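The structure under discussion appears below in the form of structure tokens.
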Amino acid sequence: MELDYDRLVALRKQSAAWRLLKADNAALMLSFFNKVFVEQGARSIAGAELVERLDDELFALNDRLGQGTFPKSAKAYLDVWSAPGNGWLRKYYPADSDEPHYDATAAVEKAIAWVRSLEERSFVGTESRLNTIFDLLRQMTFGTETDPEARLAELSRRRHEIDQEIERVEAGEVDVLDSAALRDRYQQVTTTAHGLLADFREVEANFRDLDRDLRSKIAAWDGAKGELLDEVLGSRESIAESDQGRTFQAFYDFLLAPSRQDELKTLLAEVEAMEAIDEPDPRMRRMPRDWLEAAERTQATVRQLSDQLRRFLDDQVRSEDRRVLELVRAIETQALALRDVPGVNLVAEIDAAAPAIALPMERPLYTPVVKAPIDSTGIEAGDEEFTADALFEAVYVDPARLTAAVHHALGLRTQVSLAETLREHPLEQGLAELVAYFALPDDGFTTVFDDDRQEEITWIGEDDVQQVATVPVVTFARTSPGIAWVSSPKEGR
């Protein structure tokens with residue numbers, strides 16, 4: 001980026017990190033943000049906890065610097081720092097909480113990193129960075145080489161160097177890094193590790209901005225679905241192909257494997273135990289955990305973006321949203337057309353606009369139901385004449401008789417069909433008896449219905465008329481072993 005005058009003026013007005021550095025309370029913010037979000041590695045902290053910690057910080061500073069140095073309350077400072085015009089803290093509500101949470105933005109990471117670069121260092125290593133430059137240049141040239149002969153020559157050179165080192169080790173000549181070289185490399189490791197963690201905040205912020213823009217576009221989009229998808233996926237691809245996106249993807253592919261995590265923890269423990277590293281960085285011990293947490297938060301933001309795309313692709317949701325917008329626009333158009341028409345009153349009234357309120361104490365108490373007493377004494381026989389034939393015309397099907405018929409038809413078999421059973425024991429009570437076969441209660445067999453096949457059951461009804469019923473194929477299957485029924489079902493009557 002070219003740092004000309006106009007660019008710097010615009011950057012000074014737009015950059016949240018620059019606004020933080022020139023703020024009146026920059027020292028308070030940078031020290032507090034560095035302690036909570038950088039040194040302690042907090043990625044999300046509840047509002048009540050952050051207010052309490054800031055209140056303790058303000059009390060200690062006012063007690064040391066004099067009362068009135070920071071006159072506002074901790075909550076008032078947090079409201080100012082998280083205001084949209086400042087952009088130093090991100091205030092949001094998690095999905096499973098109604099309490100606001102706070103997280104530092106990428107601008108805070110940049111401001112703290114720039115302030116750290118101003119401090120004088122007692123040791124400035126250059127060898128490791130020079131070796132890194134050579135290694136990266138070799139990777140770039142070798143990775144883009146398409147000539148097989150050139151690749152073979154480079155691989156042969158590496159093999160020759162390895163063979164020479166093996167010969168020196170076998171001869172007892174072991175090259176060991178001195179304390180300066182170790183400190184140089186450790187300094188580069190810590191700087192790169194913290195820079196990678198800071199990049200995650202920027203990647204997460206980029207995806208959050210994309211998610212916010214996507215929600216706005218989906219709500220107001222009335223064009224073709226493919227055009228919006230091309231625009232959104234193009235923006236997402238541009239973020240994924242950025243420096244932060246590639247760093248994040250490389251991290252996720254490289255360190256997500258458990259073997260890589262174990263190797264990293266082992267290497268960090270061995271390096272911190274070296275005598276040359278007299279002051280190891282305490283943040284490096286939890287760096288693998290912080291990396292994983294930061295990556296998971298970034299992936300959660302990406303999942304939100306994917307959910308928005310999935311909902312947009314849902315035709316039903318899309319049609320419902322479009323129908324609502326069409327109704328709203330139709331109402332607005334009709335209202336505008338009638339606005340200037342004389343004598344037309346656009347005021348509408350809605351019945352029962354107020355909610356019905358039912359207070360608990362207005363509910364009546366429970367009233368027992370009064371049972372009328374029945375006096376059955378003094379009953380006398382009546383002398384009225386009536387026809388009692390209806391009492392004797394009711395059809396009663398005995399399920400015990402039908403169960404015995406099924407057991408008799410089963411015999412020694414494991415299953416028998418209803419048609420086979422009726423051939424041995426024809427229907428005597430017509431349709432009522434046929435329906436009773438469908439719901440026989442017995443533990444010795446189960447009734448299986450095949451709805452895909454049908455069969456016809458015939459019987460002779462009243463006046464010697466043949467009746468036909470089309471029913472699903474029914475099979476009685478034995479469920480428990482026992483003595484086979486061989487007696488006649490007539491015994492069940």
Side-chain angles (χ1 to χ4, degrees), residues 1-2 123-200 202-203 206-207 233-274 276-277 281 284 287-288 290-292 294-295 298-299 302:
M1 182 180 63
E2 185 178 356
F123 174 79
V124 178
T126 56
E127 178 193 359
S128 63
R129 282 178 287 180
L130 182 60
N131 292 332
T132 302
I133 291 174
F134 273 96
D135 290 339
L136 293 177
L137 291 175
R138 291 193 187 101
Q139 293 176 16
M140 293 171 62
T141 56
F142 184 76
T144 56
E145 182 60 61
T146 59
D147 185 6
E149 296 295 333
R151 281 181 172 264
L152 290 175
E154 175 64 19
L155 292 175
S156 299
R157 185 189 65 81
R158 294 181 188 177
R159 184 174 62 183
H160 180 66
E161 292 180 352
I162 294 175
D163 292 339
Q164 288 183 337
E165 186 174 358
I166 291 175
E167 293 176 358
R168 289 195 301 269
V169 172
E170 291 177 348
E173 301 177 5
V174 180
D175 297 332
V176 181
L177 295 176
D178 56 12
S179 59
L182 290 175
R183 292 173 59 188
D184 179 17
R185 285 158 176 77
Y186 186 74
Q187 187 180 82
Q188 185 179 1
V189 167
T190 55
T191 302
T192 305
H194 296 319
L196 179 59
L197 187 61
D199 285 343
F200 288 148
E202 191 164 356
V203 174
N206 290 339
F207 277 113
L233 294 178
S235 300
R236 180 176 177 179
E237 184 178 359
S238 63
I239 293 179
E241 292 300 325
S242 64
D243 294 339
Q244 296 89 354
R246 286 194 298 270
T247 304
F248 169 72
Q249 190 61 42
F251 159 81
Y252 214 67
D253 295 340
F254 187 78
L255 273 188
L256 201 58
S259 59
R260 294 294 185 182
Q261 298 178 24
D262 296 338
E263 181 183 4
L264 179 60
K265 294 177 182 178
T266 302
L267 292 175
L268 288 175
E270 293 178 356
V271 169
E272 290 183 354
M274 296 178 179
I277 313 300
D281 190 343
M284 291 298 298
M287 190 59 66
D290 292 344
W291 280 343
L292 291 177
T298 305
Q299 288 286 51
V302 175

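All values derive from a computational prediction rather than experimental measurement.
From E167, atom CD reaches atom CD1 of I162 across 12.5 Å, with rounding to the nearest 0.5 Å.
Within a 6.0 Å sphere centred on CZ of R157, heavy atoms belonging to other residues, nucleotides or ligands number more than 12. Heavy atoms of other residues, nucleotides or ligands lying less than 6.0 angstrom from CD of E165 number 12 at most.
With sequence neighbours left out, the side chain to side chain contact (heavy atoms under 4.5 Å, CB included) criterion links A150 to E145, D147.
A salt bridge does not link R158 with E161: none of the charged nitrogens is closer than 4.0 Å to a carboxylate oxygen.
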